[in-house]
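Down below is the structure, laid out as structure tokens.
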Amino acid sequence: MDADYGIARELSDLQKLRSQYQPELPPCLQGTTVRVELGDATTAADHSGEHVISRSFPHTYGQPLAHFLRATAKVSDAQIITEHPAKRVGIVFCGRQSPGGHNVIWGIHDALKIHNPNSTLLGFLGGSEGLFAQKTLEITNDILATYKNQGGYDMLGRTKDQIRTTEQVNAAMAACKALKLDALIIIGGVTSNTDAAQLAETFAEAKCQTKVVGVPVTLNGDLKNQFVETNVGFDTICKVNSQLISNMCTDALSAEKYYYFIRLMGRKASHVALECTLQSHPNMVILGEEVAASKLTLFDITNKICDTVQARAEQDKNHGVILLPEGLIESIPEVYALLQEIHGLLTQGVSTDKISSQLSPWASALFEFLPPFIKKQLLLHPESDDSAQLSQIETEKLIAHLVETEMNKRLKEGTYKGKKFNAICHFFGYQARGSLPSKFDCDYAYVLGHVCYHILAAGLNGYMATLTNLKNPVNKWRCGAAPITAMMSVKRYGRGPGKASLGKPAVHPATVDLKGKSYELLSQNATKFLLDDVYRNPGPLQFDGPGADAKAITLCVEDQDYMGRIKKLQEYLDKVRTIVKPGCSQDVLKAALSAMSSVTEILSVMTSPSSNVNTPF
């Protein structure tokens with residue numbers, strides 16, 4: 001099977017055209033000189049967990065931010081790196097395939113060869129399992145030829161998506177030492193980058209020469225924080241799904257007799273569902289974050305949808321489209337508690353046929369209430385992170401079943417006078433994962449690959465490649481790197497008997513911010529979407545002409561560019577130091593002290609443990 005990796009693909013005419021597309025590089029990555037400015041030491045956004053994180057990562061916590069500079073930048077203390085010895089770099093796909101992943105490999109390959117043609121890039125075959133087994137493929141231009149700007153992970157493949165146990169970490173270190181790697185680049189989401197941080201710490205402690213770098217690639221779009229604006233693959237996934245959803249909207253409007261229930265990817269966060277709603281304007285979306293915040297029960301959700309069906313029927317509209325994220329089922333309080341009981345019993349070795357009899361009375365009552373197909377799916381063994389196998393739980397069919405039952409009841413009682421309710425269910429989980437990546441994802445992934453080289457040239461370990469100011473053209477993107485430990489938080493759990501209440505430091509999925517501008521935009525349009533059928537079809541992926549440069553709505557409406565603001569703050573502080581120095585006037589000194597006193601007082605209040613301003617996702 002290993003022989004199948006890296007073989008030349010049979011390309012269609014469109015794929016051939018896409019393989020010829022050359023992404024643009026921002027000015028700071030052009031040329032062969034690396035210019036890096038290291039900022040102040042970083043801290044964790046989660047102040048309450050800072051001591052736990054710093055204790056767990058003594059070698060890699062508190063490292064500075066890195067900013068990569070263009071040739072014209074005037075920064076006195078920037079490091080100018082002109083010598084580029086040959087490097088041996090390994091790269092591995094971790095986690096689920098996401099459109100654009102191949103371009104990260106292309107980007108790092110080009111950067112390595114531009115700076116030193118004698119450098120070597122080794123791809124690990126079959127994901128982390130290939131890393132442990134030291135199965136590699138040397139990446140060359142010939143191998144890359146039919147994978148540039150293409151979807152999937154089939155050039156190298158993937159298997160398990162974790163490097164977590166002592167045995168796995170030791171196997172990874174043994175591979176890096178045996179292959180004499182200067183760096184290991186891990187492509188993945190929150191779990192994979194948490195593992196990357198742990199590897200970087202372990203390697204540093206063991207004085208292993210291999211530096212570890214993470215790249216934010218996940219179709220769920222949930223690796224978001226002050227340093228990371230979006231993830232490779234999210235743009236493509238949402239555009240492809242939005243067209244499919246829009247097709248369903250048009251079909252519903254044409255037939256005027258079906259309600260489509262569509263489940264989308266999105267495990268602990270509903271970013272895909274939110275973005276697709278803003279792009280395609282379905283009648284309704286139920287976000288997991290809304291359900292969790294309002295503690296909505298199955299009964300509440302069912303009635304909310306039924307009331308919508310009834311209100312639309314009064315306008316002679318007996319059709320609609322409703323979106324649900326796959327993680328919704330775990331956001332419903334009583335179902336989540338039921339899942340915890342089931343997972344606890346499975347962990348204890350109780351067989352699935354005996355679980356029902358060992359549930360608590362209330363959990364047993366809920367379990368027996370559910371339709372047989374859902375019961376069977378809830379009994380599946382949990383994933384490695386203790387979450388349910390969400391892709392296998394047909395939440396859309398459960399909700400449609402409950403809504404149909406309630407609408408039939410209302411019809412019989414005479415409280416609903418519309419047509420008989422008809423539901424059609426879909427799960428858009430795998431249809432977009434292997435798509436040709438959008439122009440944005442091609443550019444984003446390729447540039448991140450180049451940033452990875454700059455991180456290695458600067459000798460940094462335990463960092464994630466970052467790009468900000470992404471809603472602007474490529475030539476205005478800010479390139480940098482942030483320590484992965486600065487993205488970590490420590491969650492407190494109450495997950496059943498015998499479970500610790502304090503979790504380990506990790507990069508946790510960022511949920512939809514119910515106070516953010518994207519959600520505000522949804523709220524402003526929710527009623528119009530619900531009743532007016534303002535369906536919008538963005539069409540298929542565009543690579544040229546109108547729509548080719550369109551970016552995710554949630555990326556464009558949010559006020560981000562954290563790295564840019566950090567730089568601007570540094571400029572202000574430097575200017576203050578220039579103006580306020582021994583010999584300045586009393587008035588200047590008094591004005592500076594007064595302003596600084598006010599600022600520090602405000603910031604102290606905002607960053608105190610009792611403040612909610614810095615509550616982590």
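Just so it is clear, the structure is predicted and the values come from calculations on it, not from any experiment. Values reported hereafter were calculated over all heavy atoms of this structure, with side chains retained and with hydrogens, waters and symmetry mates removed.
Q431 places a side-chain N or O within 3.5 Å of a backbone atom of G429 that can act as its donor or acceptor partner. Side-chain atoms of E201 come within 3.5 Å of backbone N or O of H59 as a donor-acceptor pair. A donor-acceptor pair is defined here as one N or O able to donate and one able to accept, closer than 3.5 Å; no such pair exists between the side chain of S294 and the backbone of L296. The main-chain N or O of T297 is never found under 3.5 Å from a side-chain atom of E334 such that the two would form a donor-acceptor pair. Although no hydrogens or angles enter the test, the distance criterion places no donor-acceptor pair under 3.5 Å between the side chain of D532 and the main chain of V534. Judged by distance alone, the side chain of S246 and the main-chain N or O of R536 form a donor-acceptor pair under 3.5 Å. Looking only at distances, no side-chain donor or acceptor of E129 sits under 3.5 Å from a matching main-chain atom of G126. Using modelled atom types, one side-chain atom of E275 and one backbone atom of T554 make a donor-acceptor pair closer than 3.5 Å. Between the T165 side chain and the Q168 main chain, a donor and an acceptor come within less than 3.5 Å of each other. Side chain of Q389 to main chain of P382: no donor-acceptor pair is present (N/O by atom type, distance under 3.5 Å, no hydrogens or angles).
For T42, there are no side chain to side chain donor-acceptor pair (under 3.5 Å) partners at least two apart in sequence or on another chain. The salt bridge (charged side-chain N to carboxylate O under 4.0 Å, His left out) search around D307 returns R410, not counting sequence neighbours. Under the rule for a side chain to side chain contact (heavy atoms under 4.5 Å, CB included), the partners of N193 that lie at least two apart in sequence or sit in another chain are L223, M464, I484. Partners of R96 according to the salt bridge (charged side-chain N to carboxylate O under 4.0 Å, His left out) rule, which considers only residues two or more places apart in sequence or in another chain, are D161, E383. Residues satisfying the side chain to side chain donor-acceptor pair (under 3.5 Å) test with T194, not counting sequence neighbours, are none.
Residue S54 holds its OG atom at 12.0 Å from CE of M488, rounded to the nearest 0.5 Å. Expressed to the nearest 0.5 Å, how far CD of Q348 lies from NE2 of H343 amounts to 13.0 Å. Here the straight-line distance linking atom NE2 of H508 with atom OG1 of T191 works out to 9.5 Å at 0.5 Å rounding. Residue F234 holds its CZ atom at 10.0 Å from CG of L219, rounded to the nearest 0.5 Å. With values rounded to the nearest 0.5 angstrom, N241 atom CG is found 9.5 Å from S435 atom OG. A distance of 8.5 Å separates NE2 in H271 from CG in N231, rounded to the nearest 0.5 Å.
Here the closest heavy-atom approach between residue I163 and residue A172 is recorded as CG2-CB, 4.1 Å. What you find for C94 and S192 is that their closest heavy atoms are CB-OG, 3.2 Å. Closest heavy-atom contact between G62 and T485: N-OG1, 4.3 Å. The two residues G130 and F124 have their closest heavy-atom pair at O-CD2, 3.7 Å. Annotation for L274 and S518: closest pair CD2-CB, 3.9 Å, computed over non-hydrogen atoms. Nearest heavy-atom pair, P505 versus F57, reported as atom, atom and distance to 0.1 Å: CB-CE1, 4.0 Å.
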Side-chain atoms of residues 370-379: list all donor-acceptor pairs with protein atoms under 3.5 Å, sequence neighbours left out, distances to 0.1 Å.
unit_1, atom_1, unit_2, atom_2, d
K375, NZ, E368, OE1, 3.2
Q377, OE1, E394, N, 2.8
Q377, NE2, E394, OE1, 2.7

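Around CG of D316, the count of heavy atoms belonging to other residues, nucleotides or ligands within 6.0 Å does not exceed 12. For E205, the CD atom sits in a loose shell: 12 or fewer heavy atoms of surrounding residues, nucleotides or ligands are nearer than 6.0 Å.
Annotation: cation-pi geometry not satisfied between R158 and F93 (NZ/CZ under 6.0 angstrom from ring centroid, within 45° of ring axis).
Relative orientation of the F261 and Y259 rings is tilted, given thresholds of 30° and 60° on the angle between their planes.
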Applying side chain to side chain donor-acceptor pair (under 3.5 Å) to E289 and Y519, what does each step give before you reach the verdict? CA-CA 11 Å; E289 291 83 353; Y519 183 74; over 6 Å; no

Hey, mind stepping through H281 and F529 against ring pair (Phe, Tyr, Trp, His ring centres under 6.0 Å) and telling me if it holds? CA-CA 6 Å; H281 301 181; F529 291 174; 4.4 Å; yes

Side chain to side chain contact (heavy atoms under 4.5 Å, CB included), that's the test. Do N408 and Y416 meet it? Break it down for me. CA-CA 9 Å; N408 288 340; Y416 168 62; over 6 Å; no

Using the rule given for side chain to side chain contact (heavy atoms under 4.5 Å, CB included), can you reason through F132 versus E167, listing the C-alpha separation, both sets of side-chain angles and the distance that settles it, and then say yes or no? CA-CA 9 Å; F132 305 146; E167 183 182 2; over 6 Å; no

Side chain to side chain contact (heavy atoms under 4.5 Å, CB included) evaluation trace for Y260 with D251: CA-CA 10 Å; Y260 287 102; D251 189 84; 2.3 Å; yes

Working note: I237 + M265, criterion side chain to side chain contact (heavy atoms under 4.5 Å, CB included); need CA distance, chi angles, decisive distance, verdict. CA-CA 9 Å; I237 290 289; M265 300 293 270; 5.5 Å; no

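M487 has its side chain within reach of N225: a pair of non-hydrogen atoms, C-beta onward, lies under 4.5 Å apart. Here the side chains of L522 and V285 are in contact, with some heavy-atom distance below 4.5 Å. Side-chain contact between M284 and L530: present, with at least one pair of heavy atoms (C-beta onward) separated by less than 4.5 Å. In this structure, F369 and L366 have side chains that are in contact, with non-hydrogen atoms separated by less than 4.5 Å. Looking at F421 and V403, their side chains come closer than 4.5 Å, going by heavy atoms from C-beta outward. Looking only at side-chain heavy atoms (C-beta outward), V335 and E330 stay at 4.5 Å or farther from each other. Taking 4.5 Å as the limit, every side-chain heavy atom of V490 sits out of range of all side-chain heavy atoms of K504. Within the 4.5 Å cutoff, side-chain heavy atoms of I245 are placed close to those of L264.
Salt bridge status for K420 with E404: present, with a side-chain N to carboxylate O gap under 4.0 Å. The pair D235-K239 counts as a salt bridge, with a side-chain nitrogen and a carboxylate oxygen less than 4.0 angstrom apart. Here R312 pairs with D533 in a salt bridge; the nearest charged N to carboxylate O distance falls below 4.0 Å.
The side-chain contact (heavy atoms from CB on, under 4.5 Å) test with I329 singles out one residue from L298, L324, L398, and that residue is L398. Shown are I399, D300, N283; of these, the side-chain contact (heavy atoms from CB on, under 4.5 Å) with I305 is made only by I399.
Side-chain atoms of D441 and T236 include a donor-acceptor pair closer than 3.5 Å. The closest side-chain donor-acceptor pair between E341 and S360 falls under 3.5 angstrom.
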